[in-house]
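We name chains A, B, ... by the order of the sequence lines, and we start the count at 1 in each one. Atoms considered below: every heavy atom in the structure, side chains included; atoms not considered: hydrogens, waters and symmetry mates.
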Amino acid sequence: PLFEALSMQVAEITIAGPGFINIRLSDQTIFDQALAAPSTKLQTFAGQTVVSEYSDPNPFKVLHAGHLYTSVVGDAISRLIQAAGGEVHAVNFGGDVGLHVGKTMWAIVQDVGGEKPELLQNIAPAERAEWMAKKYVVGTQAYETDEQAKTQIIELNKRVYQVHAEGDTDTPFAQMYWTCRQWSYDYFNEFYARLGTAFEKYYPESQTAPIGVATVKEQLAKGVYQESDGAIVFVGEPYGLHTRVFINSAGLPTYEAKDVGLMMAKWHDYHFDKSIIITGNDIIEYMKVVLKSIEQFAPEFVQRTTHLTHGQVKLEGGVKMSSRKGNFLRAVDVLDAAAKANKQATGRDDEQAVLGAVKYAFLKQRIGPDIIYNPEESVSLEGNSGPYLMYAHARARSILAKAASPEYMAGDEGFELQPLERSLARDIARYPQVVQKAVTDLMPHHICTYLYELAQTFNRFYEKNRVIGDPREAQRLVLVALYADVLKDGLQLLGIVAPNRL
RNA sequence: GCACCUGUAGCUCAGCUGGAUAGAGCGUUGGCUUGCGGAGCCAAAGGCCAGAGGUUCGAAUCCUCUCAGGUGCACCA
């Protein structure tokens, strides 16, 4: 029976040199596979609960290019997992407590002239995020150059923890803190909405910190963590890692403890089958230590966790950046550069095209190394770009709009494809395998590479073959429809909207 | 110093669970295109896959070393 089934699908088997056998599928088989391609359902994550953490901006600070990048990548990966049957919960972790908050709050209090929450109303809503970012820079500089300021900032940092511990919403300082904190979250939400991504839950460090502290102290008693110079640390050397502080000598949790708390909170909330954390690659070693420490008391959490890391976003031409001075590449700088380039290239303002351009430019590259972003190239309608594929999709839809909806008659005897039809059908048929690879590797760029190749194959076909009015119109229309569907589906997996008309 | 990441065409990148002649885009050069949205198509030039060893029938891909660039190494996040 297997042989019989095969013989229906295989057109030819040839020896193709030493060690190679070529098996040519029948046109009917290729065509059937193409027909099934756009609607294939993958099962890799079927029935699994997946927590996907990415973006992770800190309240009281500005969103930089890296946040834009990780948001785009994290969104695409979440969509991939979802497409493979997973139930994805996108979450976001950020520091609403910690030294940077102390620095910013210190500068804010200085700037408005005391702990007077009513004075915050002088800051116009549109300027709040920018204003706070500047205060962070001022606070950071003061912390480094002014001993007295440093002492005050450390004190404020403790007070912020206290505000949380006591549930303080009344004192003037607490009111200022809560107001500014909310400004940050408003600013984040607006940004994510613009990108077309959304988070189910924010895990502020103020929430994970107490959990982390409790967990670390509990495991301290069991010997997982150790005391050292008044701090609580995890000694990583036995595992080939380094030692890190989880609770500092002042008794405050560091990022490490907050991350431990985050892991516990995620588990408590979701009982995940898989936990994916997407961050910059500067914290690879850090994360290894944190995970190794958790592995000592909750190995299954760590087994289910994947830490994906990516490089930094740099603008082509390389502007020197210094986060200390606050003149690094911000998320809006990237979007503005793309919008400007798009306006120049097309003469129009088109938010979807700009977003498609930026997302595609980020996603087409393998996750890992730094990415060099070129705004002009990203918005170009020629070459391997988001707008090019969006256009390709619109053009295909336009062909379809001119014809009656295609009907494919299955089971024709002696069904044959012409060479350019065949290569198009073959490329379409490959789609599920490509998505499968992207899902398995958690690498969206495979989809980009494929979609662009598909568009090229289509253009070669389209160059030489009339669709409407041709004797082969019926099956060609089917191919065009499948092509458009695959493009739309693929772009959608990347988080890119593919309108029928541009 | 130790650890990790990266090194493929002029530029930006695919290809990396080993397999046929290493592929795209941009840029350069030369053609095509009165037509379903020509934003395209065809072709040329351009590579010691950083370098050297090793494993293998076979290496851009795996291992070792060297070189170059980047990042991280206790109370920041």
**OP:** Give one of base, sugar-phosphate or nothing for E205(A), where a contact means two heavy atoms less than 4.0 Å apart.
**Re:** sugar-phosphate
Original post:
Using the C1' atom in both, what is the distance from G40(B) to G25(B), to the nearest Å?
Top reply: 15 Å
**OP:** Using the C1' atoms only, state how far U55(B) lies from A44(B), rounded to an integer number of Å.
**Re:** 39 Å
Original post:
Near RNA chain B, under 4.0 Å by heavy atom, which residues of residues 441-450 of chain A?
Top reply: H445(A), H446(A), T449(A)
Original post:
For RNA chain B, what string of dots and brackets results from 5' to 3' when Watson-Crick and G-U pairs need both distances under 3.5 Å, crossing pairs get [ ], and pairs with another strand get |?
Top reply: ((((((((.[[[[.)...(...]]]].(((((.......))))).....[[[[[..)....]]]]])))))))....
Original post:
Hey, does the side-chain of N22(A) have a donor or acceptor N/O within less than 3.5 Å of a partner on the base of A20(B)?
Top reply: yes
**OP:** Please determine, for the side chain of Y452(A), which listed nucleotide (G72(B), C41(B), G25(B)) has the closest atom?
**Re:** G25(B)
**OP:** Check every strand shown and say whether R244(A) touches a base, only sugar-phosphate, or nothing at a heavy-atom separation below 4.0 Å.
**Re:** base
Subject >> Output field: ring centroids Y239(A)/F234(A) closer than 6.0 Å >> reply: yes
**OP:** Using a heavy-atom cut-off of under 4.0 Å over every strand shown, decide if E377(A) touches base, sugar-phosphate, or nothing.
**Re:** nothing
Original post:
Looking at Y177(A), W131(A), Y185(A), Y136(A), which one forms a ring-ring contact (aromatic ring centres under 6.0 Å, His included) with F60(A)?
Top reply: Y177(A)
Original post:
Between Y54(A), F93(A), F191(A), which is the residue that forms a ring-ring contact (aromatic ring centres under 6.0 Å, His included) with F199(A)?
Top reply: Y54(A)
Original post:
What class does the angle between the rings of Y192(A) and Y202(A) fall in, given that below 30° is parallel, 30 to 60° is tilted and above 60° is perpendicular?
Top reply: tilted
Indicate every side-chain donor-acceptor pair of residues 207-218 of chain A with a distance under 3.5 Å to a residue at least two apart or in another chain.
{"unit_1": "T208(A)", "atom_1": "OG1", "unit_2": "K258(A)", "atom_2": "O", "d": "3.1"}
{"unit_1": "T215(A)", "atom_1": "OG1", "unit_2": "I211(A)", "atom_2": "O", "d": "2.7"}

Original post:
Across the strands shown, which category fits R366(A) at heavy-atom distances under 4.0 angstrom: base, sugar-phosphate, nothing?
Top reply: sugar-phosphate
